[in-house]
Amino acid sequence: MLRPKIPAMPQPTGLITPPTVVVEPTAVIQQQPAPAPVSPSVAPAAAPASSRPTVQLTPGSMLALVGGGTAVVLVVGTVLVSMLLAVAVTAASVAVCALVIRSLISFQHRR
């Protein structure tokens, strides 16, 4: 009635060969570095202006950031505490069941 269906594997139609890769040789030519010109009064170059926007925190945005962080910590803490409580309740119920089963078995041996 229930028979597993084995999929039919398609057979290759021809000879399969991996593609060939042509490696061309390259020549390495070493050149002597030119001596750097020495100038007596060289001013340090100014750092280029960054294209990234700067972030400025106002008191309102700082308050929102602290409030959001506090909310995340409270939510994660609540979830972790509830998981720990669930494990503790499960362990206690398993222990009570084990005691009841043990007392029933010992009661049967006394009879």
Side-chain angles (χ1 to χ4, degrees):
M1 185 172 142
L2 297 174
R3 294 184 188 168
K5 294 183 179 180
I6 301 172
M9 296 290 291
Q11 298 298 323
T13 57
L15 185 60
I16 300 172
T17 58
T20 58
V21 178
V22 177
V23 178
E24 297 179 5
T26 58
V28 177
I29 301 172
Q30 293 183 351
Q31 296 180 349
Q32 295 290 335
V38 177
S39 60
S41 60
V42 176
S50 176
S51 62
R52 296 185 301 173
T54 59
V55 177
Q56 295 180 354
L57 294 176
T58 62
S61 63
M62 184 63 100
L63 187 64
L65 190 63
V66 169
T70 304
V72 167
V73 167
L74 288 176
V75 168
V76 169
T78 303
V79 168
L80 290 177
V81 167
S82 65
M83 289 173 64
L84 181 65
L85 185 61
V87 169
V89 167
T90 304
S93 65
V94 167
V96 168
C97 289
L99 287 175
V100 168
I101 290 173
R102 193 173 92 180
S103 68
L104 287 176
I105 290 174
S106 67
F107 181 71
Q108 290 293 329
H109 286 295
R110 285 188 222 156
R111 273 184 145 189

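What's counted below: heavy atoms across the whole structure, side chains too, no hydrogens, waters or symmetry copies.
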Handout entry: Co-members of Val81 in a cluster of I, L, V, M, F, W and Y side chains, linked at under 4.5 Å
Key = none
Completion exercise
The remaining residues in the hydrophobic cluster of Val76, counting side-chain heavy-atom contacts under 4.5 Å among Ile, Leu, Val, Met, Phe, Trp and Tyr, are Val72, Leu80
Practice task
Quick one: which residue pairs count as a side chain to side chain donor-acceptor pair (under 3.5 Å) with a foot in residues 60-71, not counting sequence neighbours?
Solution key: Thr58-Ser61
Problem - Sequence neighbours excluded, every pair satisfying side chain to side chain donor-acceptor pair (under 3.5 Å) that has a member inside residues 76-91 - result: none
Completion exercise
Note: with side-chain heavy atoms under 4.5 Å as the link, the other cluster members for Val73 come out as none
